[in-house]
Amino acid sequence: MPEREEERGYEEERRRMVEHLSRHGVSEEVLEAMMQVERHLFVLPNLSDQAYEDYPLPIGEGQTISAPHMVAMMCDYLELKKGEKVLEIGAGSGYHAAVIAEIIGEKGQVYSVERIPWLVEFSSENLKRAGYKNVTVILGDGTLGLPDHAPYDKISVTCAAPDVPPPLLEQLKTGGKMVIPIGRYVQELYLVEKKDRIEKERKCDVLFVPLVGRYGFH
Ligand code: SAH
């Protein structure tokens with residue numbers, strides 16, 4: 001009997017995606033997490049068959065779910081550890097938050113701020129269906145961070161900012177790391193480390209939707 005679409009596990013497709021990522025130098029830990037997260041539960045239903053292709057997909061409201069290699073690279077740069085508290089800006093589909101949650105484990109906690117109400121609903125629903133209990137999606141302007149749960153071990157910004165929003169730096173622990181795309185038309189991904197002073201390292205060229213808000217684009 002043919003499998004009903006919603007019952008498909010897409011395991012073979014997921015394995016192929018992970019194999020492809022492994023050829024790009026992604027760490028074992030991140031690959032293992034991406035083998036666990038059911039990406040087809042985070043895309044619009046009519047795009048399920050493309051869920052494991054390595055390119056971004058539309059998720060509505062003019063926003064996109066990032067390409068798998070971008071999620072993998074950003075997680076690798078953060079050097080996520082079990083039990084960490086992570087702030088994500090831009091929940092979108094909830095997929096990137098799920099990968100982070102998978103890596104930091106049940107004792108870890110992800111808070112993800114999203115400015116579009118429909119995407120708060122979409123990501124929360126996807127995360128619930130996929131079984132992630134340690135991710136909380138909150139409606140708000142992520143350029144202000146989320147002071148209630150600060151400070152954070154790591155911060156992952158998944159939309160492009162004009163510069164690092166000062167509240168995010170304040171809410172990062174000393175010794176913490178943040179990944180953030182910076183720029184409007186030409187964008188670069190930066191790894192920011194908070195030590196005695198702030199260290200900013202340019203990693204690569206990227207293409208993200210804009211961070212819109214008080215310390216973002218207007
Ligand atoms: N991490 C997402 C990618 C989402 S795209 C995923 O895995 O699917 C970036 C998201 O950032 C969009 O959903 C957009 O609405 C959101 N965004 C843009 N500016 C924001 C802001 N100031 N605060 C919170 N979210 C913001």
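Heads up: numbering here begins at 1 and tracks the sequence. These numbers come from a predicted model, not from an experiment. Both ligands and their constituent atoms are indexed starting at 1 by order of listing.
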To the nearest 0.5 Å, what is the distance between OH on Tyr77 and CG on Leu191? 8.5 Å
Among side-chain atoms of Tyr132 and Glu102, is any donor-acceptor pair under 3.5 angstrom? yes
Salt-bridge contact Lys177-Glu79 (side-chain N to carboxylate O under 4.0 Å): yes
Hey, could you give me the CG/CG distance between Leu80 and Asp153, rounded to the nearest 0.5 Å? 9.5 Å
A side-chain contact here means heavy atoms from C-beta on lying under 4.5 Å apart; do Cys204 and Glu188 qualify? no
Evaluate the ring planes of Tyr10 and His40, with Trp represented by its six-membered ring, and classify them as parallel (under 30°), tilted (30 to 60°) or perpendicular (over 60°). tilted
For a side-chain contact (heavy atoms from CB on, under 4.5 Å) check, start with the C-alpha distance between Lys194 and Lys173, then their side-chain angles and the critical distance, and finish with the verdict. CA-CA 7 Å; Lys194 189 172 177 179; Lys173 279 188 193 168; over 6 Å; no
Are Arg214 and ligand 1 in contact, using a heavy-atom cut-off of under 4.0 Å? no
Mark up the atoms of ligand 1 that fall under 4.0 Å of a heavy atom belonging to His96, in ascending order. 1 (N), 7 (O)
Test of understanding: clusters of I, L, V, M, F, W, Y form through side-chain heavy atoms closer than 4.5 Å, transitively. Do Val86 and Leu144 belong to the same one? no
Sub-4.0 Å atoms of ligand 1 with respect to non-hydrogen atoms of Ile116: 15 (O)
Among all protein heavy atoms in this structure, tell me which lies nearest to atom 17 (N) of ligand 1, with the distance rounded to 0.1 Å. Cys159 SG, 3.7 Å
Should you measure from each heavy atom of Val113, which atoms of ligand 1 turn up under 4.0 Å away? 24 (C), 25 (N)
Out of all atoms in ligand 1, which are within 4.0 Å of some heavy atom of Ala91? Include the element for each. 1 (N), 2 (C), 6 (C), 8 (O)
The answer for which part of Glu61 has a heavy atom under 4.0 Å from ligand 1 is neither
Out of Arg39, Arg115, Glu114, whose heavy atom sits nearest atom 13 (O) of ligand 1? Glu114
Closer than 4.0 Å to some heavy atom of Ile65 - which atoms of ligand 1 meet that? 8 (O)
For atom 11 (O) of ligand 1, find the nearest protein heavy atom and state the residue, atom name and distance (0.1 Å precision). Gly90 CA, 3.2 Å
Per atom 8 (O) of ligand 1, closest listed option by heavy atom (Ser112, Ser93, Gly60): Ser93
Counting each atom of ligand 1 from 1 as listed, which ones have a heavy atom of Val209 under 4.0 Å away? 5 (S), 9 (C)
Run the numbers for me: atoms of ligand 1, each under 4.0 Å from some heavy atom of Gly142, listed by number. 21 (C), 22 (N), 23 (N), 24 (C)
Judging by distance only, is a nitrogen or oxygen of Leu211 under 3.5 angstrom from one on ligand 1? no
Give yes or no for whether the N/O distance cutoff of 3.5 Å, strictly under, is met between Thr158 and ligand 1. yes
Which of the numbered atoms in ligand 1 are below 4.0 angstrom from a heavy atom of Leu119? 13 (O)
Between Glu19 and Arg15, does at least one N-O distance fall below 4.0 Å, as a salt bridge requires? no
Looking at Lys195 and Glu199, is any side-chain nitrogen of the basic one under 4.0 Å from a carboxylate oxygen of the acidic one? yes
If you draw a 6.0 Å radius around NZ in Lys128, do more than 12 non-hydrogen atoms from other residues or ligands fall strictly inside? no
Please report which non-hydrogen protein atom sits nearest to atom 4 (C) of ligand 1, along with the residue it belongs to and the distance in Å to one decimal place. Thr64 O, 3.4 Å
Nearest protein heavy atom with distance in Å, relative to atom 12 (C) of ligand 1: Gln63 OE1, 3.3 Å
If we only consider heavy atoms of Pro210, is any one of them less than 4.0 Å away from an atom in ligand 1? yes
Contact between Ala97 and ligand 1, counting heavy atoms under 4.0 Å? no
I want to know if ligand 1 touches Ile89 in the polar sense, i.e. an N/O pair below 3.5 angstrom. no
Identity and distance of the protein heavy atom lying nearest atom 19 (N) of ligand 1: Val212 N, 3.0 Å
Among Arg202, Met74, Glu201, which residue meets the side chain to side chain contact (heavy atoms under 4.5 Å, CB included) test with Leu189? Met74
Check step by step if side-chain contact (heavy atoms from CB on, under 4.5 Å) holds for Val71 and Tyr95. CA-CA 9 Å; Val71 174; Tyr95 175 73; 4.1 Å; yes
